[in-house]
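The structure presented is a predicted model; accordingly, all values stated were derived computationally and were not measured. Numbers restart at 1 for each chain; the letters A, B, ... are given by sequence-line order, proteins then strands.
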Number of protein chains: 2
Amino acid sequence: LRDPLGTPGAGEATAGWQGGAVLLRLVIGNCLRRARHDQGRTLQDVAEAAGVSIGHLSEVERGRKEPSSEVLAAICRALGLQLSDLLRDVQRELEAAPAPGRLLLWSGFDLAA
Amino acid sequence: LRDPLGTPGAGEATAGWQGGAVLLRLVIGNCLRRARHDQGRTLQDVAEAAGVSIGHLSEVERGRKEPSSEVLAAICRALGLQLSDLLRDVQRELEAAPAPGRLLLWSGFDLAA
């Protein structure tokens with residue numbers, strides 16, 4: 001398998017855009033982190049409930065690692081979210097952040113949180 | 001990293017459900033395949049346009065492989081879809097297939113197509 005878009009650089013990963021395309025793992029990560037923050041829960045709490053390591057959950061939230069569908073289901077369950085709820089948030093984020101500059105600001109805000 | 005839900009068996013992967021959770025890669029794969037069929041395009045055509053192998057695209061469509069966010073972006077581009085369009089389809093599928101039995105039928109139909 002060739003990677004048609006190359007390996008993301010740190011800057012591109014932070015901005016969420018690569019070759020004009022937003023990367024799904026970054027939007028999913030942001031939505032997961034926001035859901036956790038909205039519930040006032042720690043990484044440790046949610047990671048334990050999902051049965052994943054704190055480090056892995058943190059990397060997923062920051063869009064550094066692609067979560068498998070199984071891990072994503074476990075994180076959703078730990079957060080009390082249906083996958084369809086998460087995907088609705090993700091889809092709204094994608095529609096709300098059509099321009100790279102806007103997503104950059106949004107990611108910057110989230111990374112600082 | 002522990003895999004909290006275990007490795008999917010073939011039957012569970014076909015049904016799209018595991019431990020009561022639908023697996024995102026199966027829904028994404030179905031939506032990608034349907035978009036390709038709607039355009040009357042072959043695996044070879046879309047795989048070449050996306051810069052991935054035919055085998056990999058086929059596995060992604062069948063939910064056998066997790067596509068990276070980069071590969072997913074390339075396949076969307078090859079299909080002329082925005083990621084937000086794909087996610088809207090995915091979210092609708094998730095809402096339309098709330099019960100394992102229904103998703104089983106739906107996956108069975110798609111696998112036969």
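Both the backbone and the side chain of Leu83(B) come within less than 4.5 Å of a heavy atom in chain A.
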Exercise. Where do Glu70(A) and Glu66(B) land on the side-chain contact (heavy atoms from CB on, under 4.5 Å) test, with the steps shown first?
Worked result: CA-CA 10 Å; Glu70(A) 286 80 3; Glu66(B) 301 274 359; 3.9 Å; yes

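Residues satisfying the salt bridge (charged side-chain N to carboxylate O under 4.0 Å, His left out) test with Asp89(A), not counting sequence neighbours, are none. Judged as a side-chain hydrogen bond (donor to acceptor under 3.5 Å, both in side chains), and not counting sequence neighbours, Thr42(A) has no contacts.
Not one N or O on the side chain of Ser84(B) forms a donor-acceptor pair closer than 3.5 Å with the backbone of Leu94(A).
Rounding to the nearest 0.5 Å gives a distance of 5.5 Å between OG of Ser69(B) and CG of Leu23(A). Separating the CZ atom in Arg88(A) from the CD atom in Gln91(B) is a distance of 4.5 Å, to the nearest 0.5 Å.
Using a 4.5 Å cut-off on side-chain heavy atoms (C-beta onward), Leu87(B) and Val27(A) make no contact.
Counting heavy atoms of neighbouring residues, nucleotides and ligands inside a 6.0 Å radius, atom CD of Gln82(A) does not exceed 12 of them.
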